[in-house]
Amino acid sequence: MNYKETIQLPHTDFPMRANLPEKESEILQDWARIQVYKCIQESRKDSEPYIFHDGPPYANGHIHMGTAFNRILKDIIVKYKTMAGYKVPFIPGWDCHGMPIEREVIKELREKGQNLSNEELRESCKKFAQKFVGIQKEEFTRLGVFGEWDNPYITMDPEYEAKVIDIFRVLVENGYVYRDKRPVHWCTSCKTALAEAELEYKEIGSPSIYVKFKTQNPKVSIFIWTTTPWTLPANVAVALNPKLRYDFVKVGSETLIIASDLKDAVLEKLGIKDYEIEKSVAGEELEGMTYKHPLFDKECKVILSTFVSKESGTGCVHIAPGHGYEDYQVGLLYKLPVISPVDESGCFTDEVSEFKGKYVFDADKHIIEALKKKGTLVHNEEFSHSYPHCWRCKNPLIFRATPQWFLRIDHKNLRERCVNEIENVHWIPRWSKERILHNILDRPDWCLSRQRRWGIPIPVLYCKGCGAPVLDTKVIEQARDIIKKEGSIGWFTHPVKDFIKDSCRECGNKEFVKEKDIFDVWFDSGASWTVIKSQGLFPADLYCEGVDHHRGWFQHSFLLSMTNEEKSCFKSVLTHGLILDKEMKKMSKSLGNVISPMSIIEKQGADILRLYFSALDYTCDVPFDPDGLESAVTAYRRIRNTFKFLLGNLYDFETKLPYDKLLELDRLILHRLALLIKKVKQGYENFEFYKVYHSIYNYCTLDLSKFYLDILKDRLYTYGKNSPGRRSAQTVLHETLLALVKLVAPIIPFTAEEVWQHITLNSQPSTHNSQSVHLELLPFANPEWIDEKLAKDYELIEAVRDDVLLALESARNKKLIGNTLEAKVTLWTEDKDTRDFLQQKLPNLPNIFIVSQVNIDKVPEMSHLKKVDAFVDKAEGKRCERCWIWSKDVGLSSEYPTLCSKCVRVLKEDNYER
RNA sequence: GGGCCUGUAGCUCAGGUGGUUAGAGCGCACGGCUGAUAACCGUGAGGCGGAUGGUUCGAGUCCAUCCAGGCCCA
């Protein structure tokens, strides 16, 4: 007889091979069919809400690894919080305005030779953004991310734009907004400002001049170096580095002040060999020293700044806040005037009568000439360096101060209030608080205006008569209402009279022009909390983005919330590091190290990528390593096979046994399961998903596969189908399965769902009948399962088991045994308590060691090192053909001569027809 | 140059308040099983703890400096 027919081998349709790319698509269809997100919201409609506000990704391309990572983290949180019983509405957003899209669109149109009007350009940008919102929506869905995909917030939607305008209205009402000059990159041929990303750097030759700025004592000069002589008319200060030393170098009858570290290089260039050093002082001692302006009759001061470098020049930097960003920054600290006597085509205005009308680059030689006349020019040569050019017309750019709109950070103690409010926010990880704090403390006023076209217009007007700006809430409200109906294009299409009825307060003129500038995109996205506010869900419980957002979205959202709501828009902020390549280098097209998340998903599946990400401690930057992805595949297989084994052995499970009827080993596993549940929940709660991953994975591998399940096979397969031993095991397998599938669901939602579907099909006694595992609550760590005494007993048993395994391995190497069931194990210890303990557990030990016999007796070789010695010998008796265990009672039954008495009894008492 | 962060086996992670030979899993090598089978089980080899100084009887764990890498700013 073939006794294989008489044992209960695992049986399940759950496939070993996942074939995730295909399976995940099927599950996505299932989810769409049952509208899983809606079902979840419906089932939680009376639950406590957890508001997780989504930071909008930029809609200008396919998602990259970083976006995928961010989305997956957020989704794990959404799914966890949902399963923890909260109502978690998740409204995804997209950031649609801004330079990158505008630039891309202009590039495309230029290639087609088209030159579009403002309206047409904006329409093209809108279509461009819409296209990628659609693409990204699909890609995010494919990752298994749940959310209101039908109802996202989009920063170019009219309603959203109106909200942004309204934020601005409140700022104006409260006096935060002012207008001032600030230097920007300016193209004199296109007559337009350019953004950082529009610059192209090229090598060009510039004049390199060394100039004496005479101090009160005409014999003593501060010695400066510049490559832009035309900026000298706008000079207002000289900056020294407070930490550098400065030498007073006497050359003939004159003295030059030069940084010690640069002195040799400078003097060599000038061919000066005879000199003496009169004295040497620290830069900070020279603060406030006055000097005579190089061209005009006025006095200026020496200031200090750490940006002054000792790498080039003289260590004395000519400062023109109207023509350089660093100059501007340091100028703000010293309250220096921003002088920029250059018009939009790059010609000097009548502020500098001497050079009026001259194009700045042409003016260089005239200025050099003027310096020569004054006798302050020391050296002039051609100098080749990298210089920014316009990406459109390829001409060199200048820095030019232009009027901009600002938000005053210190108005109404805003900065101070922010610093205080930071304390009331939970920053995860902790250092993230330090970072935002420094960013807020150090930041200059927020420049709100951009000289671009694709964005939300700044709703202010200018009087045609006197040029005075009209910053009026009535105008803004009017703009808001029109924009709410027609989108921000309304600002450009409506005539001015639709926005204002009054006449100019300054001059009485009745004609106005509209502002052309648009808002900084951080103003757009920083206003996004209005989306949750309008649904009565303010403030958010959580914001979660990459570290770079301490200067980006976190900060700008926070600022606007503090100005408009007087409190933070988030209760806690979770920061993650960035995804780098295997070598910890940034992924970039130029390095050719970019890996697309979608390529991984197509080949291996979203669950693999999700599992991989979950294993990383993302509080710092993390590498994306394709080899690491392979270990995620391995881990996935282990988890999957664990599920397959659990499902396979529950196909006929009907009756749960009560806890007190369970066998000892089974109760032990419930004890450990309770601990696992606690640990995993704690991991999720702290957003430490790598702890979740490691706990679950180790549980599957160590507690289940290598220990419990291996031991259980005998009981599951060979015991009577309805025997208490088998039902006890199944009861625990069932608990384990239900717990595991839920614990794992936030991380690998597709596989969990697949398992869930098989539970529904195969094991009736489960109490669930919900359509998706994601509707379930996380398992409960039943305190009844905790049994410390049992856990302690098994610590010892497992330690003995380790010794037994070593002895078995050694016997195997001696070819004494192959399968461990061929072994008889003899244990001995001199410790009587331990011996008594083992004696008491003896009936269970063969099973736990997966050997045929265990006895306690003196062993031939005593090690005296181990607490318990294990000795392996060939098992006694014969091998039972059914359960493969060796025993002396094989052959006692005439009916079943090749079976042991246990199997004989099983065959006689149980019915094996399937 | 400034602010913040990171650096334990090839990889992902453990290592309360400093204390005996630094732990897991994966990977690797070797072996077993053939009733989880493109699965499962066992054994083994891998770490000068980024570097150097210091505090201490004693440091991966505390301090300083440096090196490497990242983000943001300049």
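Atoms considered below: every heavy atom in the structure, side chains included; atoms not considered: hydrogens, waters and symmetry mates. Naming convention: chains lettered A, B, ... in sequence-line order (proteins, then strands); numbering from 1 in each chain.
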> Of the listed nucleotides (B:rC4, B:rA74, B:rA14), which one gets closest to any side-chain atom of A:K691?
B:rA14
> With both distances under 3.5 angstrom, what nucleotide forms a Watson-Crick or G-U wobble pair with B:rC33?
none
> Would you kindly compare A:H549 and A:T634 by the position of their nearest RNA chain B nucleotide and give the one closer to the 5′ end?
A:T634
> Is A:E809 paired with A:R812 through a side-chain N to carboxylate O contact shorter than 4.0 Å?
yes
> Under 4.0 Å, heavy atoms only, any strand: does A:E881 hit a base, just the sugar-phosphate, or nothing?
base
> Side chain of A:N698, heavy atoms from C-beta onward: which of B:rC4, B:rG25, B:rU6 has the nearest atom to it?
B:rG25
> Run the salt-bridge test on A:D617 and A:K691 with the 4.0 Å N-O cut-off and return the result as yes or no.
no
> With both distances under 3.5 Å as the test, what is the Watson-Crick or G-U wobble partner of B:rC11?
B:rG25
> A:K644 has a side chain; which of B:rC4, B:rU37, B:rG35 sits nearest to it?
B:rU37
> Is a donor-acceptor contact shorter than 3.5 angstrom present between the side chain of A:R551 and the base of B:rC71?
no
> Any Lys/Arg nitrogen of A:R715 or A:D666 sitting under 4.0 Å from an Asp/Glu carboxylate oxygen of the other?
yes
> Check this for me: does any side-chain nitrogen of one of A:R726 and A:D652 sit under 4.0 Å from a carboxylate oxygen of the other?
yes
> Where does B:rG46 land, syn or anti, given syn is within 90° of 0?
syn
> Using a heavy-atom cut-off of under 4.0 Å over every strand shown, decide if A:H438 touches base, sugar-phosphate, or nothing.
sugar-phosphate
> Using a heavy-atom cut-off of under 4.0 Å over every strand shown, decide if A:G648 touches base, sugar-phosphate, or nothing.
nothing
> Regarding A:D548 and A:R551, does a basic nitrogen lie under 4.0 Å from an acidic carboxylate oxygen?
no
> Just wondering, do A:V573 and A:I428 contact through their side chains at under 4.5 Å, heavy atoms?
no
> Look at A:E685 together with A:K678 and state whether they make a salt bridge at an N to O cut-off of under 4.0 Å.
no
> Strictly by Watson-Crick or wobble contacts shorter than 3.5 Å, is anything paired with B:rA45, and which nucleotide is it?
none
> When both hydrogen-bonding distances must be under 3.5 Å and the geometry is Watson-Crick or G-U wobble, what is B:rC62 paired with, if anything?
B:rG54
> May I ask which nucleotide in the shown strands pairs with B:rU17, Watson-Crick or G-U wobble, both distances under 3.5 Å?
none
> What are the atom names and distances for every N/O pair under 3.5 Å that joins the protein to nucleotides 38-42 of chain B?
{"from": "B:rA39", "atom 1": "O3'", "to": "A:N641", "atom 2": "ND2", "distance (Å)": "3.4"}
{"from": "B:rC40", "atom 1": "O3'", "to": "A:S705", "atom 2": "OG", "distance (Å)": "3.1"}
{"from": "B:rC40", "atom 1": "O2'", "to": "A:K713", "atom 2": "NZ", "distance (Å)": "3.2"}
{"from": "B:rC41", "atom 1": "OP1", "to": "A:R638", "atom 2": "NH1", "distance (Å)": "3.2"}
{"from": "B:rC41", "atom 1": "OP1", "to": "A:S705", "atom 2": "O", "distance (Å)": "3.3"}
{"from": "B:rC41", "atom 1": "OP1", "to": "A:S705", "atom 2": "OG", "distance (Å)": "2.4"}
{"from": "B:rC41", "atom 1": "OP1", "to": "A:K706", "atom 2": "N", "distance (Å)": "3.2"}
{"from": "B:rC41", "atom 1": "OP2", "to": "A:R638", "atom 2": "NH1", "distance (Å)": "3.3"}
{"from": "B:rC41", "atom 1": "OP2", "to": "A:R638", "atom 2": "NH2", "distance (Å)": "3.4"}
{"from": "B:rG42", "atom 1": "OP2", "to": "A:K706", "atom 2": "NZ", "distance (Å)": "3.2"}
{"from": "B:rG42", "atom 1": "O2'", "to": "A:E809", "atom 2": "OE1", "distance (Å)": "3.0"}
{"from": "B:rG42", "atom 1": "O2'", "to": "A:R812", "atom 2": "NH2", "distance (Å)": "3.3"}

> So what does A:A635 hit on the nucleic acid, given a heavy-atom distance under 4.0 Å: a base, only sugar-phosphate, or nothing?
nothing
> Between P on B:rA14 and CG on A:D617, what's the gap in Å once rounded to a whole number?
6 Å
> Of the options B:rG31, B:rG35, B:rU12, whose atoms approach the side-chain atoms of A:N813 most closely?
B:rG31
> Of the options B:rA14, B:rG35, B:rC5, whose atoms approach the side-chain atoms of A:I7 most closely?
B:rG35
> Rounded to whole angstrom units, what separation is found between the CG atom of A:D714 and the P atom of B:rA36?
12 Å
> So which one's nearest nucleotide on RNA chain B is more toward 5', A:L702 or A:V547?
A:L702
> Think A:R672 forms a cation-pi with A:Y794, using NZ or CZ under 6.0 Å from the six-ring centre and within 45 degrees of its axis?
no
